There are 4 protein chains.
Amino acid sequence: MTTAEQKRDHRRHQILDAAKAVFAERGFHNASINEIIKSAGIARGTFYLYFSSKDAVFQSILDSALVGLNAQIIGVDMSPGAEAPNVQLHQNVTRVLEYFLADRALIQLVITYGFAPDSESALGVDAFFGHVLELIERSLTYGMALGLVQKCDAGLCAAQILGSLRGGIQRLTTAQEDLDVAVVASQLVDFALYGVIARSQA
Amino acid sequence: MTTAEQKRDHRRHQILDAAKAVFAERGFHNASINEIIKSAGIARGTFYLYFSSKDAVFQSILDSALVGLNAQIIGVDMSPGAEAPNVQLHQNVTRVLEYFLADRALIQLVITYGFAPDSESALGVDAFFGHVLELIERSLTYGMALGLVQKCDAGLCAAQILGSLRGGIQRLTTAQEDLDVAVVASQLVDFALYGVIARSQA
Amino acid sequence: MTTAEQKRDHRRHQILDAAKAVFAERGFHNASINEIIKSAGIARGTFYLYFSSKDAVFQSILDSALVGLNAQIIGVDMSPGAEAPNVQLHQNVTRVLEYFLADRALIQLVITYGFAPDSESALGVDAFFGHVLELIERSLTYGMALGLVQKCDAGLCAAQILGSLRGGIQRLTTAQEDLDVAVVASQLVDFALYGVIARSQA
Amino acid sequence: MTTAEQKRDHRRHQILDAAKAVFAERGFHNASINEIIKSAGIARGTFYLYFSSKDAVFQSILDSALVGLNAQIIGVDMSPGAEAPNVQLHQNVTRVLEYFLADRALIQLVITYGFAPDSESALGVDAFFGHVLELIERSLTYGMALGLVQKCDAGLCAAQILGSLRGGIQRLTTAQEDLDVAVVASQLVDFALYGVIARSQA
DNA sequence: AATGAATGAGGGTTCATTCAT
DNA sequence: CATGAATGAACCCTCATTCAT
């Protein structure tokens, strides 16, 4: 039944949302099933009807976050009619920022905890970031071949770029509501492209 | 007696090393006193003869790591006779890299877990990174005033620089033994200064 | 649901009874949660579902005992129509004796351990006995004013009276089942009133 | 060697005194070997050179206290030339009081903890009080035979007398320094003999 | 489908006792 | 004799998970 399925899905999201908030606030280990079910307004047993374990909810949250993030990241299109690569990069970063700002708890979960292999649950995050790293690395290698990108260890450089994005995004956890996403995105991109040294005036 | 103190110190380090390894491998919460003492080859009670709690060892490890790191970081000297700022930066980064490579478990503890507010024990890390961020931010602001640094949100930019360093350093956890530290340091600095875009040949 | 509440109450009492027996036999410190739950036939965690700590069960046992005891003790009514003070005293003592004999473990807990400041848990007992002492002391002072009571240090005398009751009651721990409570009560009261010296026949 | 034995004895008493103070203040279970040796100013191992266990020191303290107490209690001499029984009783009680007041920690240990079978160590106290109870009981029985003592259950009555003494003595733990022992002794005896009711004027 | 009482493995910590020095 | 570092059994408590209702 569609209605039954809808109800089940609603319940599922109710739990996911509660769990997300608790995990974000307290961290995986300090978060207890107790807090989650209290926050979700459900009974202890109900939780296990929807998720097989504490690890499973955490994984589920991360998974959908990563799927969502993935959808924001679009490989740069270099074909003639496409927008300039700069602009495409900027759009990618803007989309990712907006995705995070729509649900700030995700910043903690993905950006912060995601990197800590504290819990076996976080495996997916490694894979995701690995995927992003590869994407960046490939782009760098391509750019180097074209002479657009400075020669460097592409893997290391990709790690630095990703790191700089993480560093920048992490700041947003506590950022004010009325943030100009476009401006922030510009700075994130510009830093990665040109560094901090003053660009000589054109 | 010097001998007694030496013995005590040796024991202490024996425990610290075991704990460091366990914390690095399993994370603060998943690490158990059991594993630590087994790894250190001591009895349960002995552990508490040297550290008052699990939190205390963790803190102790972090504290000495942060003190050590702090010693590697020397504010840039802008006086006439000093080395070029670039060189000083490079030296700073090199020292930090070498410090980490001498004890790779620290990379996990400081760089990875340090950022996760999961463990209440890690309070010192926040303070440390806050301190580093300030240092970077001040340098940026100063550089902007001098017209050497591109105009930007200094706080955000500092977060990006620190993030890029973290990203780069984190890669070293699994790096091969025979790493050319100077080369890596150069790339870390260059990225932060000039970004990835190819520098036009002079 | 009344049924659910009843069940919960039953469980609670099951634990309280087991704990009371263990505490009475072994004392607060030597009693272990292990023994209590084994004796109650429940799992470790179940215990903490009903009581927050070992101290809490102990306190709970004492509290309800003291409330119960308090209900047995009724201040002597000196108004014209009331029973003779002697009789009222006798009734009070009888009620207290019966209260204890209905649950002999309480004698150990309240009378014996209660006096030992060993267990920080027993704070309520001090307060209770302090209250009883005051009651006795006030009565004595009043009686002295009326010339009915021999002049003495009322505080010390109250301590003696309470002590004699404790001594007497403590004997009942091992007394035979078919005890004539009225007779014992008479002797307890008579001793406190007239001592051991033969009363000259009128 | 006498000197060696003296030294050993001195050490032993040093430990006993420290232990007595600690036990009196904290109770048997809350007292730790740590506190005792720190208070005695000796090393951990030294303690076990003089006493085989924590229980053993406690027992030793109680034993010597009971021996001392026993020496203060002299059976009433009813032979023609002897002092009046009243006076002898008074002297006994006075001696016991003075014994306790010379070392108030003993009041806690003997009077208070002694009654609680919390620790297996306290067995000697039961025996001692049992002995005292017998003494009192025999005197009562004898007195009843002579018609001097009111007919009663001698065992119960003895328990009451002992209880009243304990109650009275316990008050002295916190009594002021300048206490008139003779007066207190009089009241203790008078209460046991005549109770609280005003004696008709002679 | 939902409940929440019950479970018990596992956690960190204490402390009386031992033993090599 | 004296020391104090080392020991490990035992303690109280937490919390993810199960299951009868």
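By convention in this document, chain letters (A, B, ...) are assigned in the order of the sequence lines, proteins followed by strands, and residues within each chain are numbered from 1. From a predicted model like this one, the values you see are computed outputs, not experimental measurements.
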Note: for Glu35(C) and Arg11(B) on DNA chain F, the residue whose nearest nucleotide lies more 5' is Arg11(B)
Whole-Å distance, Lys7(A) NZ to dA2(E) P, equals 6 Å
At 4.0 Å (heavy atoms only), tell me whether Tyr50(B) reaches a base, stays on the sugar-phosphate, or touches nothing. sugar-phosphate
Between CG of Asp55(D) and P of dC15(E) the distance, given in whole Å, is 16 Å
Gln108(C) (side chain) donor-acceptor with Ala105(C) (main chain) under 3.5 angstrom
no
Here the distance between atom C1' of dC12(F) and atom CZ of Phe51(C), to the nearest Å, is 16 Å
Here the distance between atom P of dA5(E) and atom CZ of Phe47(C), to the nearest Å, is 17 Å
Checking dA16(F), dA9(E), dT13(E) against the side chain of Ser53(B) (C-beta onward), the nearest is dT13(E)
On DNA chain F, more 5' by nearest nucleotide between Gly45(A) and Gly41(D) is Gly41(D)
Using a 4.0 Å heavy-atom cut-off, does Leu49(B) contact any base of the nucleic acid, only the sugar-phosphate backbone, or nothing at all?
base
For Arg12(D) and Ser60(D), test the side chains for any donor-to-acceptor distance below 3.5 angstrom and give the result as yes or no.
yes
Looking only at heavy atoms, the pair that brings Val57(D) and Ala19(D) closest together is CG1-CB, 3.9 Å
Here the distance between atom C1' of dT14(E) and atom NZ of Lys54(C), to the nearest Å, is 13 Å
Within 45° cone of Phe23(C) ring axis and under 6.0 Å: Lys54(C) NZ or CZ: no
For Thr46(B), which contact category applies under a 4.0 Å heavy-atom criterion: base, sugar-phosphate, or nothing? base
Scanning all shown strands, the Watson-Crick or wobble mate of dT21(E) with both distances under 3.5 Å is dA2(F)
Worksheet item: With a 4.0 Å cut-off on heavy atoms, is Arg8(A) in touch with a base, just the backbone sugar-phosphate, or nothing at all?
Response: sugar-phosphate
The nucleotide from dT3(F), dC12(F), dA16(E) with an atom nearest the side chain of Ser32(D) is dA16(E)
From CD1 of Ile37(C) across to P of dC11(F) the rounded distance in Å is 11 Å
note: Tyr48(D), atom OH; dT17(E), atom P; distance rounded to Å ~ 4 Å
| query | With no angle test and no hydrogens, is the base of dT13(E) tied to the side chain of Arg44(B) by a donor-acceptor pair under 3.5 Å? | reply | yes
| Within the side chain of His13(C), is there an N or O that forms a donor-acceptor pair under 3.5 Å with the backbone of Asp9(C)? | yes
Rounded to whole Å, CD of Glu5(B) lies from P of dA5(F) at a distance of 11 Å
The nucleotide from dG12(E), dT7(F), dG4(E) with an atom nearest the side chain of Ile33(B) is dG12(E)
